[in-house]
Protein chains: 2
Amino acid sequence: MQHFGDYIREARLRLQEEDRSFSLRQVAGRVGIEPAYLSKIERGVFAPPSEATIVKIAEVLNEDADVLLAMAGKLSSDLQAIILQRPKLFADLLRQLKKAPDHAILSVVREVTDGDW
Amino acid sequence: MQHFGDYIREARLRLQEEDRSFSLRQVAGRVGIEPAYLSKIERGVFAPPSEATIVKIAEVLNEDADVLLAMAGKLSSDLQAIILQRPKLFADLLRQLKKAPDHAILSVVREVTDGDW
DNA sequence: TTGCATGTGTAATATATACTACACATAAGT
DNA sequence: ACTTATGTGTAGTATATATTACACATGCAA
């Protein structure tokens, strides 16, 4: 699997083809970081940035923040907070679901969506 | 709610009533940290220690590591890893379950346990 | 009554995290 | 041609994280 940097570089370049304003410098500007910093992140010279910065990058590049965070090895703090409120319950659930196939989890999600508790 | 330090101090003192070997110094020894450090953690002078150290404390004090970690505001890295492998899927699930009552989550766990996928 | 164990104060340190600032060479636009 | 924008190299820094080392006063135990 490719790393965080490759992924966002490719996403940015894809957007740049249609819209010149997606240069590294301008994206860095919108994200609120130094161009040199973004450059190093994209090339994997530096580690992925902080959660807050990743979320901003996701917004600017129209990417899914949870996925970007995951590629950076980070879990968004709102999800953490959800688990930490009922640690035993969610720990059990997650360990159970660890080996479940995607469709099994999806059906659980759907089931809960129509939640009749 | 009380903080991490209070919680482990009380757990330790409870054990110490039955078994003198649960002095701060000896517990620190078994955990593998300096007594002065554990002392400060217990009193909240220092922040809770690293994940690895919390897990050792949990072992020594016969406490649930997930709960101890949660009190320290940390999510165990094995649970993180589970989520990070399928971030979108689990992000959706967790956000759905955020407001679900405990019994609803428990029934999902049970359901998945007998999983027939 | 002295000697070991107990808990705790002060000070310092090592490592990681998350960046910034500046300079420079190349390429593109007018 | 000229200026403007582009990506990147080098160097440095601020803050947080996770801990150790040493010293000291009090208490219990033999």
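Keep in mind that the numbers below use all heavy atoms, side chains included, and drop hydrogens, waters and symmetry copies. Naming: A, B, ... by sequence-line order, numbering from 1 per chain. Computed from a predicted model, the values in this text were never measured in an experiment.
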### Message
For R25(A), give me all partners under side-chain contact (heavy atoms from CB on, under 4.5 Å), at least two apart in sequence or on another chain.
### Response
S23(A), P35(A)
### Summary
Sorted by chain and residue number, the side-chain contact (heavy atoms from CB on, under 4.5 Å) partners of K74(A) (sequence neighbours excluded) come out as I54(A), L69(A), A72(A)
### Query
Does dG9(C) have OP1 or OP2 sitting under 4.0 Å from an N or O in the side chain of R43(B)?
yes
### Message
List the residues meeting side-chain contact (heavy atoms from CB on, under 4.5 Å) with D19(A), not counting sequence neighbours, and say none if there are none.
### Response
S21(A), F22(A)
### Task
Heavy atoms only: give me the nearest L84(B)-P87(B) pair and the separation to one decimal.
O-CD, 3.3 Å
### Task
Output all residues satisfying side-chain contact (heavy atoms from CB on, under 4.5 Å) with S50(B), sequence neighbours left out; order by chain, then residue number.
A52(B), T53(B)
#### Entry: Pair listing, salt bridge (Lys or Arg N to Asp or Glu O under 4.0 Å) test, anchored in residues 27-44 of chain A, at least two apart
R9(A)-E42(A), R12(A)-E42(A)
### Query
Contact class for R9(A) vs. all strands (heavy atom < 4.0 Å): base, sugar-phosphate, or nothing?
sugar-phosphate
### Nucleic acid contacts of residues 24-42 of chain A, taken as heavy-atom distances under 4.0 Å to DNA chain D
L24(A), R25(A), Q26(A), P35(A), A36(A), S39(A), K40(A)
### Message
For Q80(B), give me all partners under side-chain hydrogen bond (donor to acceptor under 3.5 Å, both in side chains), at least two apart in sequence or on another chain.
### Response
none
### Query
Does any pair with a residue in residues 24-76 of chain A pass ring-ring contact (aromatic ring centres under 6.0 Å, His included), and if so which ones, sequence neighbours excluded?
Y37(A)-F46(A)
### Summary
Sorted by chain and number, sequence neighbours left out, salt bridge (Lys or Arg N to Asp or Glu O under 4.0 Å) with D64(B) holds for K88(A)
#### Entry: Sequence-distant partners of D6(A), side-chain hydrogen bond (donor to acceptor under 3.5 Å, both in side chains), two or more places apart
H3(A)
#### Entry: Within residues 47-66 of chain A: residues closer than 4.0 Å to DNA chain C (heavy atoms)
P49(A), S50(A), T53(A)
### Query
Between which nucleotides of DNA chain D, 5' to 3', does chain B make heavy-atom contacts below 4.0 Å?
dA18(D) to dC22(D)
